[in-house]
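A, B, ... follow the sequence lines: proteins, then strands. Residue 1 opens every chain.
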Amino acid sequence: QQQVKQSPQSLIVQKGGISIINCAYENTAFDYFPWYQQFPGKGPALLIAIRPDVSEKKEGRFTISFNKSAKQFSLHIMDSQPGDSATYFCAATGAGGTSYGKLTFGQGTILTVHP
Amino acid sequence: NAGVTQTPKFRILKIGQSMTLQCTQDMNHNYMYWYRQDPGMGLKLIYYSVGAGITDKGEVPNGYNVSRSTTEDFPLRLELAAPSQTSVYFCASRETVQETQYFGPGTRLLVL
């Protein structure tokens with residue numbers, strides 16, 4: 001019930017291309033879906049997040065697409081740059097006071113953008 | 001404003017030794033978390049706290065203990081280190097009403 005499954009495990013994209021990372025969840029009580037970006041030797045940092053009341057959220061080159069009925073969401077990175085090379089994690093957390101913001105993370109995707 | 005700081009950055013432990021991983025945040029956040037990150041496994045929640053004096057178990061609490069005597073500090077204790085505890089440990093914090101978690105730089109622990 002608490003799992004978040006992420007794919008692919010690794011992704012290689014050419015500069016200027018589109019990077020797409022997918023996640024699927026099981027727990028219908030989840031109501032907040034963030035994506036975190038992690039550079040080597042650093043802690044994860046929030047990149048973009050979405051709630052299930054919208055199907056898409058865009059911030060610059062980064063877009064989250066959300067499909068509530070399929071329980072899936074994805075991260076699209078347009079015009080991918082070498083500086084985007086990092087590990088990306090999707091995550092989810094539930095509604096209500098008892099969730100306390102506890103995040104369930106996907107397994108992570110290592111993105112490499114070649115110049 | 002340093003955010004979330006963690007010490008040490010790296011540590012090697014022998015099996016059976018104990019140690020405390022330190023975590024401090026200067027953002028006056030009530031919520032704090034400890035995660036461990038293993039290759040290909042994402043981050044898993046070990047313990048969390050919703051305020052001073054209040055802690056609870058996460059997904060993988062066995063072999064760890066925590067305390068929260070102040071808002072700023074949330075140390076993680078390993079009593080009898082085991083090779084399975086080799087990992088990178090991240091501390092995070094967030095405001096009560098905001099969803100964003102802020103992560104520290106991590107502590108890399110090797111148990112031999």
*B/Gln22 side chain to B/Pro8 backbone, donor-acceptor under 3.5 Å*: no

*Could you check whether the rings of A/Phe66 and A/Phe33 sit parallel, tilted or perpendicular, using 30° and 60° as the cut-offs?*
tilted

*State the OG-OH distance between B/Ser49 and B/Tyr31, to the nearest 0.5 angstrom.*
10.0 Å

*Could you label the plane-to-plane angle of the B/Tyr89 and B/Trp34 rings as parallel, tilted or perpendicular, counting under 30° as parallel and over 60° as perpendicular?*
perpendicular

*Would you mind checking which part of A/Leu103 comes under 4.5 Å of any heavy atom in chain B, side chain (CB onward), backbone (N, CA, C, O), both or neither?*
both

_With salt bridge (Lys or Arg N to Asp or Glu O under 4.0 Å) as the criterion, how do B/Glu99 and B/Arg94 come out once you've worked through the C-alpha distance, each side chain's angles and the decisive distance to 0.1 Å?_
CA-CA 7 Å; B/Glu99 300 285 4; B/Arg94 56 158 272 194; 3.4 Å; yes

*Taking A/Gln72 for the side chain and A/Tyr25 for the main chain, is one N or O donor matched with an acceptor at less than 3.5 Å?*
no

*Can you tell me if B/Asp26 uses its side chain to pair, donor with acceptor, with the backbone of B/Gly3 under 3.5 Å?*
yes

*Indicate yes or no for a side-chain donor-acceptor contact from A/Gln3 to the backbone of A/Lys5 under 3.5 Å, with no hydrogens or angles considered.*
no

_What I'd like to find out is whether the side chain of B/Ser67 reaches to under 4.5 Å of the side chain of B/Pro75, using heavy atoms alone._
yes

*asked:* Is it the case that the side chains of B/Ser87 and B/Asp38 hold a donor-acceptor pair, with the cut-off being a distance below 3.5 Å and no angle test?
replied: yes

_Residues of residues 44-58 of chain A near chain B, each having a heavy atom less than 4.5 Å away_ = A/Pro44, A/Leu46, A/Arg51

_Toward chain B, the part of A/Gln38 with a non-hydrogen atom under 4.5 Å_ = side chain

_Proximal component of B/Leu45, with respect to chain A [non-hydrogen, under 4.5 Å]_ = side chain

*Neighbourhood of chain A inside residues 100-110 of chain B, taking heavy atoms under 4.5 Å as contact*: B/Thr100, B/Gln101, B/Phe103, B/Gly104, B/Pro105

_Between A/Gln9 and A/Thr109, is there a side-chain donor-acceptor contact under 3.5 Å, judged purely by atom types and distance?_
no

